[in-house]
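Since the structure comes first, as structure tokens, the remarks are kept for the end.
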Amino acid sequence: MIDVRRLRTELDEVTAALARKGVDPAEVARAADLDARLRELTTRRDEQRARVNALSKEVGAAFRAGDRDRGEALKRESRAAGGQEAALAREADAVAAELRDLLLVLPNTPSPDAPDGAGAEGNVVVRTEGFDPAAYGEHQRVPHWEIGEQLGILDLERAVKISGSMFVMFRGLGATLNRALCQLALDRNADAFEEIRPPTLVTSDTLTATGQLPKFADEAYHVERDDLWAIPTAEVPLTSLARDEILDEADLPVRLMAYTPCYRREAGAAGRDTRGLLRSHEFDKVEILAYCTPRQGEEVHRELVERAVGTIDVLGLAWRLVDICAGDLGQSHHRQFDVEVYAPGCDQWLEVSSVSWFTDYQARRANIRYRPAGGGGTELVHTLNGSALAVPRVWAALVETHRQPDGSIALPEPLHPYLRGATAIPAP
RNA sequence: GGAGGGAUGGCCGAGCGGACGAUGGCGGGGGUCUUGAAAACCUCUGAGGCGCAAGCCUCCGUGGGUUCGAAUCCCACUCCCUCCGCCA
């Protein structure tokens, strides 16, 4: 959620900032109006409560003094005040609920540094490494689903038999490669990030804290009988790890990472990217995440980007960094860089990581605060996260990029420690 | 799944209808003493909302209820602990 106080002190700025994300100014005005009404009602309700409290004390005093008549008279007066208080409270609660519902769907304000733009076409490629379209040979222009079938390392047909369309299955060295990629990503970040193995089924509260609920309920798998949700990313449990807690500034930034499966219904994506591994309901991912102070936010964001890109780079893949424009930013996002990797076989740039800075938007929902070192009141942390490595798309780009003229796959050296001695996937 | 016991501030723990936002201890800040430190002593120390301020209000697991008044009584739920059962 954005800070309601900003609707009072800088309404015009917030309205203009949200307009860059395509938010109707009327919605922002409605929120500001509800907030004003709520404060007025709350003040009046509190005045009645103060009266009830004061009268109740007098009731007690009167009875202790043995003055029954005065006690009874005060009781009647207090009961009447209580009735008024209850009516005002009901009104205030209704307004508060309306305001909360609106704030839950109102997005975070974009960073002034994020480029202008209404949608994906406004995104700006800020860096490209290792990409030379002329340098790819014919043997690299084979899509990974064909390679996977030839080498017996991908079995999409049986995945469909087991679980339905858009589920995938790796076999043999393909499965080993999947796991090796995760382990590489974990090991490369273990210098600074604590490894977590969180639960992957979470409560509605947890899914609300990061912004998936209430707006994006259709995107997540819901286990109705137990009212639990399958996580779409480890960001969800890792952010809620510190929910309702107060951290010490000295401990910030807190850096966490987790390998988990991720589950996505892809409700709006039927028919898009249906071939191969480009989009699936379940995939493995290593996520890196940080809580920090507002001052540290920008620097930590840079660090996460460098780490995400570094792992792709040592795998010998071509990649580029995309600065996401205001209109294409997610609901909770203040600034976001996407890492895209080039897959020569399907001739596409594939998004393999979104490295995002949420400022205090998620922290306010999740109530994650810290005690400033210099004393004073508690403050909300900033949260940031990104994929250190999302397996299927990297797997696809890797298999296509490192395919040899004989049809075998040369496995990049940094993965060797995790492949039980294999250095290549042999040609059939 | 069954039977009991619990949930109070950063932590531990008292309170069980009115003067309780809550005794006490630990931890933390400041001070006295000391060459310095320790010890001792003094003092301060929960979170949030509204307000220029004085101040007022909310919060004792969550949600309802009883009452003039609820941390305290009643109901429901959630979570934790112990024992039994089941089980990887």
Kindly say if A/Asn53 contacts the phosphate of B/C57, meaning a side-chain N or O under 4.0 Å from OP1 or OP2.
-> yes
Taking atom [atom2] of [N] as reference, at what distance in whole Å does atom [atom1] of [X] sit?
X	N	atom1	atom2	value
A/Arg369	B/G48	CZ	C1'	8 Å
A/Asn367	B/G46	CG	P	18 Å
A/Leu247	B/A47	CG	P	15 Å

In RNA chain B, stems of three or more consecutive pairs, Watson-Crick or G-U, each with both distances under 3.5 Å, turn out to be B:1-7 with B:78-84, B:10-12 with B:24-26, B:27-32 with B:40-45, B:46-50 with B:55-59, B:61-65 with B:73-77
Out of B/U58, B/G18, B/G69, whichever nucleotide has its closest atom nearest the side chain of A/Arg64 |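 Within the option list, the nearest is B/G18.
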Looking at A/His301, A/His382, A/His333, which one forms a ring pair (Phe, Tyr, Trp, His ring centres under 6.0 Å) with A/Phe358?
-> A/His333
Which whole number of Å gives the distance between the P atom of B/C73 and that of B/U82?
-> 26 Å
Expected output: side-chain A/Gln212 to main-chain A/Thr206 donor-acceptor under 3.5 Å | no
Measure from the side-chain N and O atoms of A/Thr293 to the backbone N and O of A/Gln296, and report whether any donor-acceptor pair falls under 3.5 Å.
-> yes
Scan residues 68-90 of chain A against RNA chain B and write down, sorted by residue number, each residue with any heavy atom closer than 4.0 Å; if none is found, say none.
-> A/Lys75, A/Ser78, A/Arg79
Selection: residues 31-50 of chain A, any non-hydrogen atom under 4.0 Å of RNA chain B =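 Nucleic-acid contacts, sorted: A/Arg39, A/Thr43, A/Asp46, A/Arg49, A/Ala50.
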For the pair A/His334 and A/Trp357, name the ring-plane relationship: parallel under 30°, tilted 30 to 60°, perpendicular over 60°.
-> perpendicular
